[in-house]
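The shown structure was predicted, so the numbers you read here are calculated from the model rather than taken from an experiment. Letters go in sequence order (proteins before strands), and every chain restarts at 1. Just the heavy atoms: all of them, side chains too, but no hydrogens, waters or symmetry mates, feed the values below.
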Amino acid sequence: MLATPAPSLAESRDNAAFDALLWTLSRPGLPRDLPEPGEQSIVPALLDRECLVYAADPLLMPEIMRTGAELADIDKADHVFLGAMATSEPLADIAIGSDYYPDEGATVIVRASLGAGSGVRLTGPGVDGAVTLQLGGLPNGFWKARAARLRYPMGFDLFFVDGARVVGVPRSTTVEEL
Amino acid sequence: MSLTALTKPWEAMSYGFLDGSAKRELRRKMLKSVAVPGCQMPYASREVPMARGWGTGGLQVSLTLVNPQTRVKVIDQGADDSVNAASIRRFIARVAGTPTTKDALDADLIQSRHRIPEEILREDQVLVLQVPNPEPLRPVQPNMSIARQMHADADYGRMWLQLYEQIVRSGRVMQGASYPSLVHGRHVMTPSPIPRWDVPKLHMAKHLTILSAGREKRIFAVPPFTRVEPLVFSDVPYKVEEHGALTCTRSGTTGFFMNEIPRDDGSSAFEVSDSEWGVKTIRARDGNGESRGETWYKDGEMPQ
């Protein structure tokens with residue numbers, strides 16, 4: 001009879017990171033806490049050799065390379081780390097999947113500041129009525145660029161990371177700029 | 001990069017049985033299935049020590065989500081004590097060290113075969129449903145490539161035709177379980193073989209529901225506060241099973257989904273299907289304290 005295995009530190013961190021990601025993507029606009037600040041804990045929870053990754057931030061590269069994921073151009077990548085964005089141009093190239101396989105739309109992780117800056121009103125699945133989210137540090141025209149790419153069920157899913165806080169905005173969410 | 005950075009210490013078994021790559025793939029697919037509610041996402045269903053078709057899809061989702069603090073409840077057709085439920089519960093506890101419970105209000109994660117508990121689930125709870133056949137279009141389109149095209153086009157005319165034919169032939173919709181339902185106004189899904197009684201519980205619920213089919217290698221989800229509308233005609237309203245007036249012979253509770261037990265004289269006795277609800281009712285009746293939570297159905301009716 002085998003003893004019950006105990007989770008390693010890495011296993012616990014990945015589990016907690018995914019728990020935060022799943023919870024916040026199911027309830028768009030409501031932030032959760034990652035086990036560690038920044039994108040560091042998202043990378044090992046989601047990525048491995050099966051993934052094609054684009055990262056705009058060179059500081060994330062060592063963490064991504066450790067997972068064995070392959071680097072790819074932004075239009076081919078299934079996981080896109082945009083870091084702190086200066087322009088909204090990268091959104092124009094992100095993979096949105098197809099009507100046959102909406103799951104090929106990318107997961108996009110962006111750095112932003114929560115609770116500061118301009119507000120957006122979110123409605124859609126996961127939102128009880130409507131929720132207002134304040135997001136700072138995003139380039140001008142970010143939400144317009146997102147809306148221009150979305151052809152539900154095609155689209156990409158966003159996570160905004162601010163320190164250890166993460167908030168999800170899936171493609172199913174309707175975003176209205178206030 | 002050194003060799004030690006690439007290797008991990010030896011373990012007799014990974015935590016939660018599944019290896020890291022299986023969990024990461026399930027995580028990626030769960031995020032996508034939440035982002036597109038009701039849309040079936042393909043995934044590489046791994047081998048688990050259980051036969052395909054006995055809840056392996058649900059088990060893989062549960063094993064990915066659990067940590068040693070997650071309190072797990074497993075139900076099979078409403079009962080906590082049937083073989084399938086007991087085996088899965090014991091397996092999860094053995095490989096992940098999770099506490100288990102039979103109380104729906106006490107659980108963090110509920111894996112279920114073919115029923116949703118009668119008590120309202122909270123927003124911090126996750127419901128995992130085992131799905132034998134995830135494709136609602138299969139009865140009308142056995143070719144799954146064409147079915148995928150039909151989902152892509154939102155071409156669901158044949159689903160309505162199937163319901164219409166049932167009404168013409170039998171005078172009512174004959175679909176008992178797995179009632180096809182439109183999620184977020186876009187994708188038709190099968191809510192797994194839950195009875196019609198349970199489908200309205202998914203509509204605008206507070207909890208997250210993940211549906212996983214291990215044999216068919218597909219996963220889909222219903223996030224909280226998402227529209228789940230059974231396919232109906234405007235002049236033929238959706239009807240749940242007529243169990244609202246039935247009383248359980250063992251616990252005396254009335255107005256919940258019942259199991260029909262045939263008797264020798266040709267008549268039937270009824271027992272409440274959600275076994276823990278029955279247990280709680282008996283406990284309250286015998287004066288051992290009230291532990292029942294609020295239920296979706298009130299007096300045998302689902303409030304609109």
Side-chain angles (χ1 to χ4, degrees), chain A residues 1-8 10-12 14-19 21-23 25-28 30 44-51 62 65-68 78-79 97-105 107 124-129 152-159 168-173, chain B residues 1 5-6 8-9 11-17 20-21 23-37 39-44 64-68 93-97 123-124 126 145 148-149 151-154 183-184 186-187 204 206 208 210 221-227:
Chain A
M1 168 74 203
L2 279 169
T4 298
S8 63
E11 166 72 38
S12 299
D14 293 354
N15 182 279
F18 174 66
D19 190 62
L21 295 178
L22 184 68
W23 200 94
L25 200 69
S26 324
R27 287 145 183 109
L30 303 184
L46 296 182
L47 302 185
D48 56 25
R49 299 168 62 91
E50 316 275 320
C51 297
M65 299 308 287
R66 237 188 313 259
T67 66
D78 44 46
H79 289 78
S98 62
D99 279 324
Y100 290 87
Y101 293 98
D103 49 315
E104 287 169 3
T107 303
V127 184
D128 185 9
Y152 189 84
M154 290 188 284
F156 50 80
D157 310 306
L158 289 159
F159 286 108
V169 178
R171 66 190 77 172
S172 55
T173 301
Chain B
M1 189 177 289
L6 288 168
K8 289 187 297 181
E11 287 178 297
M13 185 202 286
S14 298
Y15 175 76
F17 187 81
S21 73
K23 284 182 185 171
R24 283 188 293 270
E25 203 227 359
L26 272 155
R27 287 179 190 136
R28 296 195 293 266
K29 291 297 180 179
M30 272 190 243
L31 291 181
K32 291 300 154 196
S33 59
V34 164
V36 190
C39 180
Q40 300 164 55
M41 304 299 185
Y43 76 106
T64 305
L65 288 173
V66 290
N67 59 53
R94 192 177 281 178
V95 300
E123 58 173 20
D124 59 324
V126 180
S145 304
R148 185 164 285 281
Q149 167 99 53
H151 281 293
D153 295 342
V183 184
H184 183 41
R186 175 60 180 82
H187 286 97
M204 295 308 244
K206 289 198 200 83
L208 166 66
I210 298 175
V222 179
F225 303 109
T226 300
R227 282 178 289 137

Heavy-atom proximity to chain B below 4.5 Å, by part of A/F159: side chain
What part of B/V183 lies closer than 4.5 angstrom to a heavy atom of chain A: side chain, backbone, both or neither? neither
Answer yes or no: is there an ion pair linking A/D14 with B/K23, defined by an N-O contact shorter than 4.0 Å? no
side-chain contact (heavy atoms from CB on, under 4.5 Å) partners for A/P7, two or more places apart: A/E11, A/S12, B/Y15, B/P68
For B/S14, which atoms come within 4.5 Å of any heavy atom of chain A: side chain, backbone, both, or neither? backbone
If you define the side chain from C-beta out and look only at heavy atoms, does anything of A/T4 sit under 4.5 Å from B/V95? no
Answer key: most heavy-atom pairs under 4.5 Å with chain B among A/D78, A/L46, A/L25 is A/L46
B/A221 versus chain A, the contacting section by heavy-atom distance below 4.5 Å: neither
Specify which of B/A35, B/P223, B/A96, B/C39 makes the most heavy-atom pairs with chain A at under 4.5 Å. B/A35
When rounded to the nearest 0.5 angstrom, what distance separates NE2 in A/H79 from OG1 in A/T107? 4.0 Å
Quick check: does any side chain N or O of A/T67 sit under 3.5 Å from a backbone N or O of A/M65, one acting as donor and the other as acceptor? no
Starting from the C-alpha separation in whole Å, work towards a yes-or-no answer on ring pair (Phe, Tyr, Trp, His ring centres under 6.0 Å) for B/H151 and A/Y100. CA-CA 8 Å; B/H151 281 293; A/Y100 290 87; over 10 Å; no
A/P102 side chain near A/M154 side chain, heavy-atom distance below 4.5 Å: no
Counting heavy-atom pairs closer than 4.5 Å to chain A, which one of B/L65, B/T226, B/V36, B/V126 comes out on top? B/V36
Residue set satisfying side-chain contact (heavy atoms from CB on, under 4.5 Å) with B/A152, at least two apart, ordered chain then number -> A/D99
So for A/P28, is it side chain, backbone, both, or neither that comes closer than 4.5 Å to the heavy atoms of chain B? neither
B/K32, B/Q40, B/K29 screened by side chain to side chain donor-acceptor pair (under 3.5 Å) with A/D103, the one that passes: B/K29
Answer with side chain, backbone, both or neither: which region of B/E11 has an atom nearer than 4.5 Å to a non-hydrogen atom of chain A? side chain
Okay, B/R27 and chain A: the region with an atom under 4.5 Å from a heavy atom over there is both
Under 4.5 Å from a heavy atom of chain A, the part of B/A154 involved: neither
Heaviest contributor of heavy-atom pairs below 4.5 Å to chain A, chosen from B/T64, B/V66, B/D153, is B/V66
Which one, A/F18, A/Y152, A/W23, A/Y101, leads in non-hydrogen pairs under 4.5 Å with chain B? A/F18
From the list A/A10, A/S26, A/G155, A/P170, the residue making the most non-hydrogen contacts under 4.5 Å with chain B is A/S26
In terms of heavy-atom proximity below 4.5 Å to chain B, should A/A16 be classed as side chain, backbone, both, or neither? neither
So, A/D48 and B/R28, do they make that salt bridge, N to O below 4.0 Å? yes
Winner by heavy-atom pair count (cut-off under 4.5 Å) against chain A, out of B/S21, B/P37, B/G97: B/P37
Top of B/Q149, B/E25, B/R227 for chain A proximity - count of heavy-atom pairs under 4.5 angstrom: B/Q149
Quick one: are A/P125 and B/M204 in side-chain contact, heavy atoms under 4.5 Å? no
With a 4.5 Å cut-off on heavy-atom pairs, point out which of A/L47, A/D128, A/V169, A/L22 contacts chain B the most. A/D128
